[in-house]
Amino acid sequence: MNLELEGKRALVTGSTAGIGYAIAETLAREGADVIVNGRTEERVEQAIQSIRTSHPQAKVEGLAADLGNADGVRVAVERLPEVDILVNNLGIFEPKPFQEIPDEDWFRFFEVNVMSGVRLCRAYLPGMKTRNWGRVVFISSESAVQIPAEMIHYGMTKTAQLAISRGLAETTAGTGVTVNTVLPGPTASEGANEFVDRMAASSKQTKAEFEAEFFRSVRPSSLLRRFARPDEVAPLVVFLCSPLSSATNGAALRADGGVVRSIL
């Protein structure tokens with residue numbers, strides 16, 4: 001299927017690894033002009049070279065900036081005054097008991113996971129509306145609707161993304177701009193892999209044993225019964241970025257491996 005992305009300029013935040021990288025790679029493969037973002041030049045360059053190795057014709061450039069703060073967003077907007085596609089993928093997570101989460105962590109999670117997307121949308125949505133075409137996708141999580149007891153502060157930010165995405169979609173009525181959210185389930189991202197390695201070692205299990213136990217006891221509703229691969233999430237996101245998705249706006253779509261039991 002031709003997703004008609006040639007000539008579309010796409011910024012994918014937090015895209016040097018994991019889901020963000022898979023989205024950037026898939027967009028590049030489909031012909032979009034992709035901006036890979038990470039906090040350091042080294043990580044950004046590594047991701048760019050990896051994409052070009054797999055797809056020699058890819059049109060890809062880098063943006064080394066920490067978009068989890070206002071200064072980083074300012075740098076991005078000065079460098080990239082206009083984009084056609086914005087994928088708000090940047091995010092952090094950390095399992096921690098509720099009583100041990102200090103105020104600073106609540107604010108930090110909100111700043112990175114929520115305000116990064118808010119600031120970038122504030123910068124780029126007006127131009128999309130003026131040009132009468134644009135795509136914004138927030139990468140939320142199944143944790144937005146099934147708040148995990150082990151990281152309530154993370155779940156809070158994912159729920160906030162749903163509200164912001166739907167509210168922004170309301171402002172695009174009658175235009176060629178759409179704003180949607182994708183809710184991945186447990187995914188083998190870089191951070192998740194590090195978490196699994198750490199937890200498996202601490203419990204004296206192999207990674208396979210820990211994964212099996214995780215889906216038995218922590219995410220028992222999963223139909224996939226394993227961590228999804230980032231490249232299993234990316235195609236849904238890239239479709240939403242394409243002109244072919246014009247009838248989908250204000251939606252929250254799941255790539256959660258069946259973890260969420262609700263049919264709506």
Side-chain angles (χ1 to χ4, degrees), residues 13-26 38 43 47 50 68 87-102 104-106 108-110 112-114 137-162 181-237 252-264:
T13 68
S15 50
T16 59
I19 293 173
Y21 175 84
I23 294 167
E25 181 184 30
T26 307
R43 293 269 294 182
S50 180
V87 181
N88 288 310
N89 172 74
L90 177 63
I92 56 175
F93 79 99
E94 176 190 35
K96 184 177 285 188
F98 173 75
Q99 65 273 16
E100 297 177 13
I101 306 172
E104 292 77 10
D105 281 5
W106 285 96
R108 179 169 60 92
F109 269 69
F110 194 81
V112 175
N113 293 3
V114 179
V137 183
F138 285 81
I139 307 303
S140 180
S141 167
E142 54 90 11
S143 295
V145 294
Q146 296 187 157
I147 307 296
E150 71 273 14
M151 43 185 182
I152 295 171
H153 54 335
Y154 171 77
M156 173 273 298
T157 65
K158 298 289 107 177
T159 306
Q161 287 180 313
L162 292 181
T181 308
V182 170
L183 286 69
T187 304
S189 63
E190 184 177 55
N193 285 333
E194 291 172 355
F195 167 73
V196 169
D197 287 341
R198 187 168 62 252
M199 296 303 294
S202 68
S203 59
K204 295 182 171 55
Q205 294 175 300
T206 66
K207 288 181 67 173
E209 288 170 340
F210 176 82
E211 182 172 5
E213 179 59 29
F214 178 86
F215 284 97
R216 272 195 301 269
S217 60
V218 182
R219 294 292 186 276
S221 61
S222 171
L223 303 179
L224 191 61
R225 300 291 174 88
R226 62 170 173 82
F227 288 97
R229 300 188 311 272
D231 64 4
E232 293 176 308
V233 176
L236 175 58
V237 179
L253 296 98
R254 303 200 304 259
D256 67 335
V259 169
V260 179
R261 283 190 166 133
S262 168
I263 62 173
L264 296 177

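Model, not experiment: these values are computed from the prediction.
- Residues satisfying the side chain to side chain donor-acceptor pair (under 3.5 Å) criterion with Ser203, sequence neighbours excluded, are Gln205.
- Panel note: side chain Ser15, backbone Gly20; no donor-acceptor pair is recorded below 3.5 Å.
- Arg226 is linked by a side chain to side chain donor-acceptor pair (under 3.5 Å) to Glu232, counting only residues two or more places apart in sequence or in another chain.
- Note: Ile152 CD1 to Ser143 OG = 11.5 Å, rounded to the nearest 0.5 Å.
- Remark: Arg254 CZ to Ser141 OG distance equals 12.0 Å, nearest 0.5 Å.
- Annotation: side chain to side chain donor-acceptor pair (under 3.5 Å) contacts involving residues 184-196, sequence neighbours excluded, comprise Arg43-Glu190.
- Distance check, rounded to the nearest 0.5 Å: CE of Met151 to OG1 of Thr157 gives 9.5 Å.
- Atom CD of residue Gln146 and atom OG of residue Ser262 lie 9.0 Å apart, to the nearest 0.5 angstrom.
- Asp256 and Pro186 get closest at one heavy-atom pair: O-CD, 4.3 Å.
- Contacts of Asp231 classified as side chain to side chain donor-acceptor pair (under 3.5 Å), with partners at least two apart in sequence or in another chain: Arg229.
- For residues 203-212, the set of pairs meeting the salt bridge (charged side-chain N to carboxylate O under 4.0 Å, His left out) definition, not counting sequence neighbours, comprises Asp197-Lys207.
- Looking at residues two or more places apart in sequence or on another chain, you find no ring pair (Phe, Tyr, Trp, His ring centres under 6.0 Å) involving Tyr21.
- Under the side chain to side chain donor-acceptor pair (under 3.5 Å) criterion, Arg216 pairs with Glu213, not counting sequence neighbours.
- Partner Lys158 forms a side chain to side chain contact (heavy atoms under 4.5 Å, CB included) with one of Ile147, Ile139, Asn113 and no other, that one being Asn113.
- When every heavy atom of Gly38 is checked against every heavy atom of Thr16, the shortest pair comes out as CA-CG2, 3.8 Å.
- For Leu162, the side-chain contact (heavy atoms from CB on, under 4.5 Å) criterion is met by Ser140, Ala144, Val145, Thr181, Leu183, Ala252, not counting sequence neighbours.
- Applying the ring pair (Phe, Tyr, Trp, His ring centres under 6.0 Å) criterion to Phe227, with sequence neighbours excluded, gives Phe214, Phe215.
- With sequence neighbours excluded, the residues that form a salt bridge (Lys or Arg N to Asp or Glu O under 4.0 Å) with Glu142 are Arg219.
- Nearest approach of His153 to Trp106, heavy atoms of both residues: CA-CZ3, 3.5 Å.
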Please tabulate, for side-chain N and O atoms in residues 87-100, each donor-acceptor pair with protein atoms closer than 3.5 Å (sequence neighbours left out).
from, atom 1, to, atom 2, distance (Å)
Asn89, ND2, Thr13, O, 3.2
Asn89, ND2, Gly14, O, 2.8
Lys96, NZ, Asp105, OD2, 2.8

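- With values rounded to the nearest 0.5 angstrom, Gln161 atom CD is found 6.5 Å from Phe138 atom CZ.
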